[in-house]
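Notes follow the structure.
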Amino acid sequence: MFKYQSVLLVDDDPIQIAVLKGYFNSLGTKTIHQAGDAASALALLQSKKDSVDLIVSDLQMPNMDGLEFLRHLKIAQYFGRLAIISGVKHDLLDHAGRLASMHNLNFIGKISKPMTKVKLDDLFLAKPADFVTTPSKIDKIISQDEFSAALAGGEILPFYQPKFDVKTGRIVGAEALARWYQPGIGFISPEVFIRFAEQNGRIEDLTFSLFDNVLRDTQRFIVHNRDQKIAVNLAAELIKNISLPDKLLDQMRFAEIEPENISFEVTESSILNLDVSTLEVLSRLRISGFDVAIDDFGTGSSNIKTLRDFPYSELKIDRDFIKDVLTNAFSAETVRTSIALAREMGMVVVAEGIEDQETLEYIRSKGIEHAQGYHLSKPLSADNYCAVLAYCAENFQHLNSKNAA
Ligand code: C2E
Ligand code: MG
Ligand code: MG
C-alpha cells in the first residue's frame, strides 16, 4: 500500500493541483484534499489534523506565502510529512527547505517546477529511511481556568533577553518574553500558551499582567542602568484597540516609569494592511515617547508598504535570516535590503538570533546598531537580569574611575 493515504495539496494554480491529484490517485491515495491558498489549507488542516499524512505545498501564493505557511504549520503542530514544489529559484527553494527543517517540520524534500513524474517518484517513492524525522513538542491542552489561575498565581512571568549595543558591547535594554513555569511540569512553550491566549480572548489579560510585572521589574533595573529600554511584545489584536495607549500610560504613571524606559515590538506579519485604528494606536505610542519596533522583519509579505505606512522607530530583522546570513545568499540579501530600508527611514536596526561570534562580527561590519541572541545571552529571570545590570554598572564605573585617575 502507498504510504500516503491522506494528502493535502496547496497551490493557487489549478493545473498543478490537477496534475498532482492524478499522480496521487494513480498511486492509490485514498483521500486528496486541496486548497488554493495557505489560509484555507490551515483551516482545512484544523479540522483534519490527525488524518493528513502529507502536505504538498507551493511557495508563491496570494495573501500568505509558502514561507509564512511553514511557520503556521509549526504553530498548528502539524506532525505529518511536508514537501515543497515551486517555481522559485533554486537558492530560495533551498532556503525554504532549511526553514522547514528549522521549524522542526517533518520535511521530506522539494521539487522545482516544472515537475515531472521522475521528480515526483524520486521524492514520494523514496524509502522511509530517507526521511528526516524530527521530534516535536506535544501540544498542551490549556483550559481557561488553568490559564486564569496561572496568571493570578504568578506562574506566567516575563524573562528578559538583553539587547547589546554592537559597537560598545554595552547593554541597552532587554526584550521581555513571557514564560510559564508550571510546578511539576516545567516551562510551557510560549508559542503554545500565547497561541492559546490569542485564540481564546486572553491576550489582553496576558499582556497587561506581564506589563504590570515588567514595570515593577523595571523599577529595579533602572537603579543600575537608567538609560535602558525594556521591550514588550504587542499582539495584532491589541494594537487595533484605540484605548490601548491610555491603558498602558495609566499603568506607567502608577508605577512611575517613564516612556523612555519602555518600548514595544509589533510583529510584521500581524499588520499587513493599513488600518486606521492601528495607525492611531502606533502613532499615539510614538507621540507619548515610546519606541515602537517592527518585529520579525522579513517574514511578512509587504515589507516596504508596512514600513512606509506605520510610524516605526526600530526594525528587528528576523532570526531566521540572521541565523544563516553567512552561508545563504538569500538571507544576506534580505539583511542588506532591510538595513538599507531602515537607513532610508531613519530607523535603528536590531539583529535578533545571534548565535555565534562570526555572525556578530558580520552584523557589526554592516553597521547594525543593536544585537540580541543566545551567543550574547539567553533570556534571564528578572533577578538574574538585575544581577547582570548591577555587575555591569560596577565594572563600568570601575573602568571609568580608572580612566579618570
Ligand atoms: P519574538 O518576539 O521574535 O522573540 C524572540 C524569540 O527568539 C524568543 O523566543 C527568544 O527566546 C528567541 N531567541 C532569542 N535569541 C535566539 C537565538 O539566538 N536563537 C534562537 N533560535 N532563538 C532565539 P520565545 O521566547 O520562544 O518567544 C517566541 C515568540 O512568542 C516571540 O518571538 C513573540 O512573538 C512571542 N511572545 C513572547 N512573549 C510574548 C508576549 O509577552 N506577548 C506576545 N504578544 N507575544 C510574545
Ligand atoms: Mg519580539
Ligand atoms: Mg522577533
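Whatever order the structure lists them in is the order used to number ligands and atoms, beginning at 1.
- Coordination check, Glu265 versus the Mg ion (ligand 3): failed, since every N/O/S atom of the residue sits at 2.8 Å or beyond.
- Distances from the Mg ion (ligand 2) to each N, O or S atom of Glu175 single out OE2 as the nearest.
- Angle OD1(Asp296) to the Mg ion (ligand 3) to OD1(Asp295), rounded to 10°: 90°.
- In the vicinity of Gly353, heavy-atom distances shorter than 4.0 Å reach the ligand 1 atoms 16 (C), 17 (C), 18 (O).
- Considering each of Glu355, Lys316, Lys323, Arg319, the one bringing a non-hydrogen atom nearest atom 9 (O) of ligand 1 is Arg319.
- Nearest protein neighbour of atom 16 (C) of ligand 1, counting heavy atoms only, is Tyr374 CE2, 3.3 Å.
- We find that Arg364 and Glu361 are joined by a salt bridge, their nearest charged nitrogen and carboxylate oxygen being less than 4.0 Å apart.
- Closer than 4.0 Å to atom 29 (C) of ligand 1 lies none of the heavy atoms of the protein.
- Contacts with ligand 1 closer than 4.0 Å are made by side-chain heavy atoms of Pro190 only, the backbone lying farther away.
- Polar contact with ligand 1: present for Asp295 (N/O pair, distance under 3.5 Å).
- Among all protein heavy atoms, the one lying closest to atom 41 (O) of ligand 1 is Leu210 CD1, 3.0 Å.
- Heavy-atom proximity to atom 40 (C) of ligand 1, evaluated over Asn233, Val192, Asp318, Leu206, is greatest for Asn233.
- Residue contacts with ligand 1: Glu198 is placed with no nitrogen or oxygen under 3.5 Å of a nitrogen or oxygen of the ligand (distance criterion only).
- Those atoms of ligand 1 that come under 4.0 Å of a heavy atom in Asp296, given as number and element, are 3 (O).
- A perpendicular orientation is assigned to the rings of Trp180 and Phe147, their planes being inclined by more than 60° (bins at 30° and 60°).
- Listed by number with element, the atoms of ligand 1 under 4.0 angstrom from any heavy atom of Ile354 are 18 (O).
- In this structure, atom 38 (N) of ligand 1 lies nearest to the protein heavy atom Ala178 N, 3.1 Å.
- Of the charged side-chain nitrogens involved, none lies within less than 4.0 Å of a carboxylate oxygen, so that Asp53 and Lys3 do not count as a salt-bridged pair.
- Taking only non-hydrogen atoms, the option from Leu238, Leu177, Ile75 nearest to atom 8 (C) of ligand 1 is Leu177.
- Residue contacts with ligand 1 for Pro379 involve side-chain atoms from C-beta outward but no N, CA, C or O (heavy atoms, distance under 4.0 Å).
- Checked by distance only, ligand 1 and Arg179 come closer than 3.5 Å through their nitrogen or oxygen atoms.
- With a heavy-atom cut-off of 4.0 Å, Glu175 touches ligand 1 through its side chain alone.
- Residue-level proximity to ligand 1 for Gln161 is carried by the side chain, the only part with a heavy atom below 4.0 angstrom.
- At a heavy-atom distance under 4.0 Å, only side-chain atoms of Glu352, from C-beta outward, approach ligand 1.
- Heavy-atom proximity to Ala235, at under 4.0 Å, picks out these atoms of ligand 1: 44 (N).
- At a threshold of 2.8 Å, the Mg ion (ligand 3) has no backbone or side-chain N, O or S atom of Asp318 nearer than that distance.
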Notebook entry, point to check: Can Phe24 and Tyr4 be said to form a ring pair (Phe, Tyr, Trp, His ring centres under 6.0 Å), step by step?
Noted result: CA-CA 9 Å; Phe24 284 107; Tyr4 303 117; 7.2 Å; no
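- Of all the atoms in ligand 1, the ones that sit under 4.0 Å from a non-hydrogen atom of Ile194 are 30 (O), 35 (C), 36 (N), 37 (C), 38 (N), 39 (C), 45 (N), 46 (C).
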